[in-house]
Amino acid sequence: MKFLKAIDSGFAKIESGVVVLFLSVMILMAFFQVVLRNVFNTGVLWIDPFLRHLVLWLGFLGAMLATRQNRHIRIDVLTRFLTPKLKRFSAIVTHLFSAFVCYLLLSASVTFVHGEKEFGGVLPLFTDLPIWYVQAIIPIGFAVMMVRFTLKGVDQVIAVLRGLQPEEERS
């Protein structure tokens with residue numbers, strides 16, 4: 001389990017770096033496009049679709065990081081009133097159910113990206129980049145989130161079996 005957590009930590013560092021890089025590129029390119037449009041009455045055609053796809057990447061990278069840090073969207077109105085034992089059970093069920101939902105979305109996104117690959121669509125960017133390259137973040141993101149939710153659920157189960165507090169409560 002420690003080995004998997006070390007790998008996950010390494011991936012999180014890479015994800016964070018890519019988020020910073022992509023966000024910086026996005027801000028600079030959007031600013032450049034605004035200046036071109038408002039000052040010179042022109043623009044670069046491929047910047048807008050490129051920025052849309054960067055938003056897709058940033059969204060999935062952010063979701064992957066949020067899942068790792070246990071800061072994903074949650075509705076915890078009822079869990080506030082649960083006993084600690086029931087909170088643990090609820091956390092196990094929630095994490096494993098979330099992993100299952102990510103698995104279903106992963107399966108659907110693989111089908112989607114495969115269909116895009118067969119269709120042969122391209123982005124008119126630099127060298128007619130196949131669009132499925134850019135859309136590959138969708139199944140990658142769901143796969144990473146599925147693994148992270150599974151690890152969190154298993155960590156909760158191990159903590160309950162050993163009589164320890166789960167890692168989230170220990171930190």
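For the single chain, residues carry numbers from 1 onward in sequence order.
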- line: d(Lys87 NZ, Phe81 CZ) to nearest 0.5 Å is 10.0 Å

field: Closest non-hydrogen atom pair, Thr94 against Ser90
entry: OG1-O, 2.6 Å

- prompt: Got a sec: does the OH of Tyr103 have more than 12 other heavy atoms crowding it under 6.0 Å?
  reply: no

query: Got a donor-acceptor contact below 3.5 angstrom from the Ser109 side chain to the Leu105 backbone?
result: yes

message: How close do Met64 and Ile140 get, counting heavy atoms only, and between which atoms?
response: SD-O, 4.3 Å

query: Hey, are the side chains of Phe11 and Val144 touching, using non-hydrogen atoms and a 4.5 Å cut-off?
result: no

- request: Starting at CZ of Arg37, measure out to OG1 of Thr42 and round the result to the nearest 0.5 Å.
  value: 9.5 Å

- prompt: Counting only N and O atoms by type, is there a donor-acceptor contact under 3.5 Å from the side chain of Lys152 to the main-chain atoms of Ala91?
  reply: no

message: Please report the interatomic distance CD(Gln156) to CG(Leu161), rounded to the nearest 0.5 Å.
response: 11.5 Å

message: Is any side-chain heavy atom of Gln135 closer than 4.5 Å to one of Ile131?
response: yes

query: Would a hydrophobic clustering, with Ile, Leu, Val, Met, Phe, Trp and Tyr connected at side-chain separations under 4.5 Å, put Leu21 with Leu23?
result: yes

message: With clusters defined by side-chain heavy atoms of hydrophobic residues (ILVMFWY) lying less than 4.5 Å apart, directly or transitively, does Val93 cluster with Ile158?
response: no

- request: Please work out which of the three classes, parallel, tilted or perpendicular, describes the rings of Phe100 and Phe97, given edges at 30° and 60°.
  value: tilted

query: Just how far is it from atom CZ of Arg68 to atom CG of Leu151, taken to the nearest 0.5 Å?
result: 10.5 Å

query: Do you reckon Val18 sits in the same ILVMFWY cluster as Leu65, going by side-chain contacts under 4.5 Å, direct or chained?
result: yes

query: Between Pro139 and Val110, what is the shortest heavy-atom contact and its length?
result: CB-CG2, 3.8 Å

- request: Verify the cluster assignment for Ile14 and Ile137: are they in a single hydrophobic cluster under the rule of side-chain heavy atoms below 4.5 Å apart?
  value: yes

task: Hey, can you tell me if Phe149 and His72 have their rings parallel, tilted or perpendicular (30° and 60° cut-offs)?
output: perpendicular

Sub-4.5 Å side-chain heavy-atom contact between Leu45 and Phe50: no

- prompt: Applying the 4.5 Å side-chain criterion to the ILVMFWY set and letting contacts propagate, would Leu129 and Phe112 be lumped into a single cluster?
  reply: yes

message: Could you go through Val157 and Val160, starting from their C-alpha distance and side-chain angles, then the distance that decides it, and tell me whether this counts as side-chain contact (heavy atoms from CB on, under 4.5 Å)?
response: CA-CA 5 Å; Val157 169; Val160 167; 5.8 Å; no

query: Is a side-chain N or O of Thr150 found less than 3.5 angstrom from the main chain of Met146, in a donor-acceptor match?
result: yes

- request: Please round to the nearest 0.5 Å and tell me the distance separating atom CG of Leu61 and atom CG of Leu58.
  value: 6.5 Å

query: Could you walk me through whether Leu4 and Val147 pass the side-chain contact (heavy atoms from CB on, under 4.5 Å) check?
result: CA-CA 10 Å; Leu4 292 175; Val147 168; over 6 Å; no

- prompt: Can you tell which of Lys2, Arg148, Lys13 makes a salt bridge (Lys or Arg N to Asp or Glu O under 4.0 Å) with Asp8?
  reply: Arg148

field: Separation of Lys117 NZ from Trp132 CH2 (nearest 0.5 Å)
entry: 4.5 Å

task: Please report the closest heavy-atom contact between Ala63 and Met145, naming both atoms and the distance.
output: CB-SD, 3.7 Å

field: Pair Met29-Trp46, side-chain contact (heavy atoms from CB on, under 4.5 Å): steps then yes or no
entry: CA-CA 11 Å; Met29 292 183 83; Trp46 56 264; 3.2 Å; yes

- request: Give a yes or no on whether the backbone of Val44 and the side-chain of Gln33 come within a donor-acceptor separation of less than 3.5 Å.
  value: yes

query: Taking side chain as C-beta onward, heavy atoms only, is Ile138 less than 4.5 Å from Leu56?
result: yes

Donor-acceptor contact present, side-chain Trp57 to main-chain Val134, <3.5 Å: yes

